[in-house]
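The next block holds one structure in the form of C-alpha cells; read it before the comments.
Please read these numbers as outputs of a predicted model, since none were measured by experiment.
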Amino acid sequence: MNQMSGDRFWKTAQRGLLSCLRGLIQAVLAPAVGIPLFVLSVVSVVLIPVGVGLLLAPLVLKGVRLFADLQRVWAAEWSGVPVAGPYRALPEGGPVRRLFAMLADPATWRDLLWTLVNAPVGLVLNLLPAAMVVYGLEGVVLASWLGHFGWYGWGPFWPLSDWGLVGAVGCVVLGAPLALAGLRWGPHILKGHALFVQSLLAPTRGALQERVRRLTETRAQTVDASAAELRRIERDLHDGAQARLVALSMNIGLAEELMKQNPEAAQELLAEARAASGQALTELRDLVRGIHPPVLAERGLDGAVRALALSLPLPVDVRIEVPGRAEAPVESAAYFAVAEMLANVVKHSGAQRAWVQIEHDGDRLLMIVGDDGTGGADPGRGSGMRGIERRLAAFDGTMAVTSPPGGPTVVTMELPCALSSPRTSPS
C-alpha cells in the first residue's frame with residue numbers, strides 16, 4: 001500500500017512539474033508574442049489604404065494564425081481540450097484578394113482579441129502553478145535549512161521579518177501545502193487556460209451551424225452523385241458487356257448446332273464468339289478502371305497519375321511530392337479529379353502542353369492542373385467540373401478555376417487529409 005501511495009505521489013509530482021514547465025512557456029509567450037502581434041496587426045491594417053499594409057498585413061495576420069494554431073495544439077495535447085480551427089478557406093488569386101478574405105473572416109478578429117486578452121489572462125493562469133510551487137518550496141527551504149526567511153520577506157499573507165522558531169514553523173506549515181497544491185492542481189489550472197482559449201479560438205455557434213448546413217448539402221450531393229454513378233455502371237453493363245455476352249452465348253449455341261452439319265460455318269461463329277469475348281473483357285476492364293483503377297491501388301496516387309499522363313496525346317509535366325499514402329476514398333477522389341481535369345484539357349482546351357502538380361503540406365492535399373490552351377473554362381457550364389466539385393466537397397475539399405480568355409487555365413483543388421503508409425514508388 002505504501003509503495004502504491006509513493007508511486008502515485010511521484011506521478012502526481014511529475015505531472016505537476018511538467019505543468020509548471022508548460023505553464024512557464026505559455027506565460028512567457030502570451031505577452032511577449034501576443035502583444036507585439038496585436039500591435040503590428042492593428043498598425044498594418046491601418047496602413048492598408050496607403051499601400052504599406054497590403055504587404056505587411058498578410059504576413060502579420062499569418063503570424064497571428066500560426067500563434068493561435070500553436071495554442072490550439074497545446075490545448076489539445078497538454079490539457080485534452082480540442083480546439084478546432086474556425087478559418088474559412090482562402091480563395092485562389094492574388095495576395096490582395098486573399099488579404100481581404102482574411103479580413104472578412106470573423107475568426108481573424110477573434111484571434112486578434114485573443115492575443116490582447118490572453119496577455120494578462122495567460123500570464124496569470126500559466127504562471128500560477130510554478131509560482132505556488134516555487135513560493136511554497138522557498139518557505140520550506142528557508143525555514144528548514146537557511147533560517148533567513150525574513151530577508152526574503154516570505155509569507156503568503158504577511159511579510160515575515162524575525163519571528164524566530166514560530167516564523168520557521170509557520171513557513172513550513174504554510175509553504176509545504178502551497179507547494180503540494182501547485183503540483184496537484186497545476187494540470188487543472190492549465191486546463192482552465194485551455195478552456196479559456198477554446199472559448200475564443202474555437203468555431204462559434206454560427207460557424208458550426210454553417211458547417212452543418214454545408215455538410216448536409218454536400219451529403220445530398222454525394223448521394224445524388226453516387227446514384228448517378230450506379231446508373232452509369234448499370235447502363236454500361238447493360239448496353240456493353242451484357243449485350244456482347246448475350247451475343248456470345250447465341251453464337252456458341254448456333255455453332256453447336258452447326259458443328260456436324262456445317263463445320264466451316266461453326267468455326268466462323270466460334271471465331272466471332274472469341275472476338276466478342278475479347279471485346280467484352282476489354283469493356284469490363286475499362287469499366288473497372290472507371291470505378292477504381294488497379295494502378296491506383298497498387299502504386300498509389302503518384303504512380304496512377306504518372307501512368308495517366310503517359311496515356312494522353314499531349315505532353316504532361318508531372319511533379320508530385322506526396323511522402324505517403326492517403327486513405328483509399330481520398331486517393332480515389334484526388335485521382336478522378338485530376339483525370340477529369342486532364343480529360344477537359346484534351347477535349348476542350350486546344351493546349352499544346354499541360355502540367356500537374358500534387359503536394360502535401362501536412363494537413364491537406366494540393367492538386368494543380370494547368371494547360372497553355374485557349375482558356376475560358378467555366379465550372380458553371382461544364383457538368384464534369386461541377387461533378388468534380390461535388391466529389392471534392394464530400395471530403396470538405398475545394399476547387400478554384402482561373403481561366404481567362406486566351407489562357408492559361410489553372411485549376412487548383414484541395415483535399416484535407418492525413419498521410420499514413422509510405423508511398424509506393426512507381427516502378
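Looking only at side-chain heavy atoms (C-beta outward), Leu54 and Ile48 come within less than 4.5 Å of each other. Using a 4.5 Å cut-off on side-chain heavy atoms (C-beta onward), Leu103 and Leu61 make contact. Between Asp111 and Phe67, the closest side-chain pair of non-hydrogen atoms is not below 4.5 Å. Counting heavy atoms from C-beta outward, Phe38 and Asn118 have side chains that stay 4.5 Å or more apart. The shortest distance between side-chain heavy atoms of Asp105 and Arg65 falls below 4.5 Å. Between Trp74 and Ile25 the shortest side-chain heavy-atom distance falls below 4.5 Å.
Summarising the geometry, atom CD belonging to Glu359 is positioned 6.5 Å from atom CD1 belonging to Ile368; distances are rounded to the nearest 0.5 Å. If you take CG on Leu70 and CD on Gln26, they are separated by 8.5 Å, rounding to the nearest 0.5 Å.
Remark: Arg306 engages Asp302 in a salt bridge, criterion side-chain N to carboxylate O under 4.0 Å.
Counting only distance, with no hydrogens or angles, the side chain of Arg110 and the backbone of Ala202 share a donor-acceptor pair below 3.5 Å. Side-chain atoms of Thr374 come within 3.5 Å of backbone N or O of Ser349 as a donor-acceptor pair. With hydrogens and angles disregarded, no donor-acceptor distance shorter than 3.5 Å links the side chain of Ser79 to the backbone of Val81.
Ring orientation note: the planes of Phe196 and His193 are tilted relative to one another, at an angle of 30° to 60°.
Just one residue in the list Asp372, Asp371, Asp317 forms a salt bridge (charged side-chain N to carboxylate O under 4.0 Å, His left out) with Arg353, and that residue is Asp317.
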